[in-house]
Amino acid sequence: MPTRRSPRRRHVTVGTLIAGALAAGLLVPAQFASAADGTAVRIHDIQGTTRVSPLAGRQVADVPGVVTAVKNFGSARGFWVQDPNPDKNDATSEGIYVFTGKDAPAVTVGDAVLVSGTVTEYYPGGEAAGLQSVTQLTKPTVSVTSSGNVLPAAVRLRPSTVPARYAPDAHGGSIEKLPLAPGRYALDRYESLEGMRVEVRDAPVVGATSEHKDLWVTTDPRHNRTVRGGTVYGSYGDPNAGRVKVVSLLPYAQHPFPVANVGDELTGTTAGPLDYDNFGGYTLQATELGALKDGKLQRETTRKQKDGELAVATYNVENLSPKTPQAKFDRLAAALVTNLASPDVVALEEVQDNNGTTNDGVVDADQTLKKLTDAIVAAGGPAYQWRQVNPVDGQDGGQPGGNIRTAFLFNPARVSFKDVPGGDSTTAVKVTREGGKAALSASPGRIDPANAAWTNSRKPLAGQFSFRGKDVFVVANHFNSKGGDQGVDSRFQPPARTSEVQRTQQAQAVNAFVKELLTADRQANVIVAGDLNDYQFSPALKALTAGGVLTDLVDRLPKKERYGYVYQGNSQVLDHMLTSRHLGRVDYDIVHVNAEFADQASDHDPQVLRWKP
């Protein structure tokens, strides 16, 4: 909703005066190396009071500052410089990145320098990506005036310095031209510190170390804390302002990056310039790393189902194919057998074809599923059977050539599968009636595969099972991804979630199918499960549960336990299990074995429900 702005005192910087004079034609570029009063242009003049520099595209000369950090690797080398003599305006940053490209910076931390160059706004990922820009000095010439200078004190990030309100509301438009209000919005506070030295102290880890050698901490550990030490994402309006990504500028050989899980802590001080990138928004480029304190987070194990209980699980196995290392198959199997206690039915997502991403028309996945079921037997689990329907080559999204699909595993010693021929990639499964009860025209069968809602996306798989004489209909799902959505730290606020339109259409199609089952038999036992790629409060989930035909079980958990996926330090819900009314009360558990850990077999946590007829 729109937010009110409090009146603020207009602050005119030297840079603002220069930009106005340039626009009026009163100055030429060669003149604006210094201001009208003869003083040098300073960093806060370049940064200005909005996200885009008032001097963007112009040349500046002899900008003073102290080198606070050097990035001497990759193709985007450079260094950060900060003015030790700040102005009195909190909205203007005193730091800036000097981009040297492939050239190693010829400066050392502590050097006092005068930098000349072109003021540039760099958009990570390109301007069309929708991210905020980073103000930089490019094509620099640098003179060192002294060395060994004391660095400016770092600004400590904590609840008293980072507002809980996340971003100004521009009704979906750009916030670039809005005056920064660092006392009101977290994104404005971070922008006002762009390029400056910041620090966190005793910072809880809320996003585990990734393969890219980064992790996420929170500056506000009490806010939306999960039961296991993370930060739960519970609404669009509160994406948790205290989250900050941490990477390292320290030599890896001497200072290995900490391998951290959620619930660990970077004790002491972690400090460095505040940057912004296309892999996670505002980022602390650490020149000083705190010591890692082990939070001793343990992988969870759910209880075993009782003899009279049906256990149904869902697990996104993340692009599984025979090319996947055997170690991953073994870990997935161990989780299914030990942590999930060998559920009777498993809805799998992201099962790839027999040669993975080799794009040669192969769509069969029997080798993938055999390799997984063999690993389960080797781990001491049951001899699962599987059912699935091959997709049309290249039509279901995911990695090119991979032909990902959903599939069922089931334990024939505990549950039976009703095989009904006729299910294929393009034939829609229909609801029929047999003996006064609901049945399927094909089992397994795909739901409405010709519907445009499933374009370049996985089609839901319906199967009819029997447990102790009771029919149970299970629908395995993998809705379209969030690709193309604007990030929570986008320059467009609130960010557009364009991908949810298709997910909502997909949810409506599944909802309609469930309604057909319940029309045929209002006591039908229906379980809808899988990676729905959306939150419990999203339009897609509202569409899926419309009319009261399904209950999203995650809503029955305490708020601090509603998560099974961690993205950019936010513990959130993407996978769901939903049940029809006749199933009544079920025992439901999200089993945390992956998402909070640096060492993962998948980026998703599995879920399981237990139902007693």
Side-chain angles (χ1 to χ4, degrees), residues 68-69 80 82 95 109 150-166 182-183 186-187 189-190 192-194 196-210 212-233 238-250 252 254-276 280-298 489 560 563 566-571 592 595-599:
T68 60
W80 284 266
Q82 183 168 335
V109 172
V150 175
L151 302 186
V155 176
R156 184 178 175 186
L157 303 179
R158 50 183 169 176
S160 62
T161 59
V162 179
R165 294 179 70 180
Y166 194 66
L187 282 188
R189 169 60 72 195
Y190 293 136
S192 75
L193 298 172
E194 179 190 272
M196 292 177 60
R197 295 188 73 236
V198 299
E199 67 177 21
V200 293
R201 298 180 189 172
D202 298 331
V205 175
V206 293
T209 302
S210 79
H212 304 294
K213 299 293 187 294
D214 59 50
L215 58 81
W216 288 77
V217 299
T218 180
T219 65
D220 191 1
R222 296 183 179 180
H223 188 72
N224 289 342
R225 187 175 177 86
T226 71
V227 291
R228 288 163 60 86
T231 300
V232 71
Y233 180 53
D238 184 11
N240 296 311
R243 297 171 303 107
V244 175
K245 189 169 81 170
V246 175
V247 300
S248 178
L249 293 172
L250 298 169
Y252 183 76
Q254 292 80 31
H255 304 275
F257 194 77
V259 180
N261 300 324
V262 170
D264 290 351
E265 184 177 291
L266 287 183
T267 63
T269 298
T270 298
L274 188 65
D275 196 16
Y276 181 90
Y282 287 100
T283 301
L284 196 164
Q285 298 270 1
T287 56
E288 178 183 358
L289 270 172
L292 183 65
K293 179 181 178 181
D294 187 355
K296 302 188 183 304
L297 192 71
Q298 299 297 311
D489 50 36
K560 294 183 178 182
Y563 68 94
V566 180
Y567 179 68
Q568 294 186 351
N570 271 328
S571 296
H592 301 298
E596 299 168 304
F597 296 89
D599 181 19

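Because only heavy atoms are used, hydrogens play no part in the values below, and waters and symmetry mates are left out as well, while side chains stay in.
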Hey, mind stepping through Leu249 and Trp80 against side-chain contact (heavy atoms from CB on, under 4.5 Å) and telling me if it holds? CA-CA 12 Å; Leu249 293 172; Trp80 284 266; 3.7 Å; yes
Just checking, any donor-acceptor pair under 3.5 angstrom between side chains of Tyr276 and Asp489?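 A pair is found: one side chain offers a donor N or O, the other an acceptor, under 3.5 Å apart.
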Does either side chain, that of Glu596 or that of Asn261, offer a donor lying less than 3.5 Å from an acceptor on the other one?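 Result is no, nothing qualifies.
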Flag, side chain of [X] to backbone of [Y], donor-acceptor distance under 3.5 Å:
X      : Y      : value
Asp264 : Val205 : no
Thr283 : Gly281 : yes
Ser192 : Pro182 : no
Asn240 : Gly242 : no
Thr267 : Gly290 : no
Arg228 : Gln298 : yes
Arg243 : Gln568 : yes
Thr226 : Tyr563 : no

What heavy-atom pair brings [X] and [Y] nearest, and what distance separates the two atoms?
X      : Y      : value
Asp214 : Val247 : CB-CG1, 3.6 Å
Thr219 : Tyr190 : OG1-OH, 4.4 Å
Gln82  : Pro152 : NE2-CB, 3.4 Å
Pro239 : Asn570 : O-ND2, 3.4 Å
Pro159 : Asp220 : CG-OD1, 3.5 Å
Leu193 : Leu274 : O-CB, 3.8 Å

Pair Leu266, Leu292 - check side-chain contact (heavy atoms from CB on, under 4.5 Å), show working. CA-CA 5 Å; Leu266 287 183; Leu292 183 65; 4.3 Å; yes
When rounded to the nearest 0.5 angstrom, what distance separates [atom1] in [X] from [atom2] in [Y]?
X      : Y      : atom1 : atom2 : result
Phe257 : Ser210 : CZ    : OG    : 8.0 Å
Arg189 : Arg165 : CZ    : CZ    : 14.5 Å
Lys560 : Ser571 : NZ    : OG    : 13.0 Å
Thr287 : His255 : OG1   : NE2   : 10.5 Å

Just jot down the salt bridge (charged side-chain N to carboxylate O under 4.0 Å, His left out) partners of Glu199, sequence neighbours excluded, or say none.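 Glu199 satisfies salt bridge (charged side-chain N to carboxylate O under 4.0 Å, His left out) with Arg201 once adjacent residues are dropped.
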Can you tell if the side chain of [X] reaches within under 4.5 Å of the side chain of [Y], non-hydrogen atoms only?
X      : Y      : answer
Asp238 : His223 : yes
Tyr282 : Asp275 : no
Thr269 : Glu288 : yes

For a side-chain contact (heavy atoms from CB on, under 4.5 Å) check, start with the C-alpha distance between Leu289 and Ser248, then their side-chain angles and the critical distance, and finish with the verdict. CA-CA 8 Å; Leu289 270 172; Ser248 178; 3.8 Å; yes
Looking at Leu284, Val198, Val162, which one forms a side chain to side chain contact (heavy atoms under 4.5 Å, CB included) with Val244?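 Single pass found, and it is Leu284.
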Under the side-chain contact (heavy atoms from CB on, under 4.5 Å) rule, what do Leu151 and Arg197 come out as? Steps first, then yes or no, please. CA-CA 9 Å; Leu151 302 186; Arg197 295 188 73 236; 4.0 Å; yes
Ring pair (Phe, Tyr, Trp, His ring centres under 6.0 Å) partners of Tyr233, counting only residues at least two apart: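 For Tyr233 the ring pair (Phe, Tyr, Trp, His ring centres under 6.0 Å) partners, ignoring immediate neighbours, are Tyr535, Phe537.
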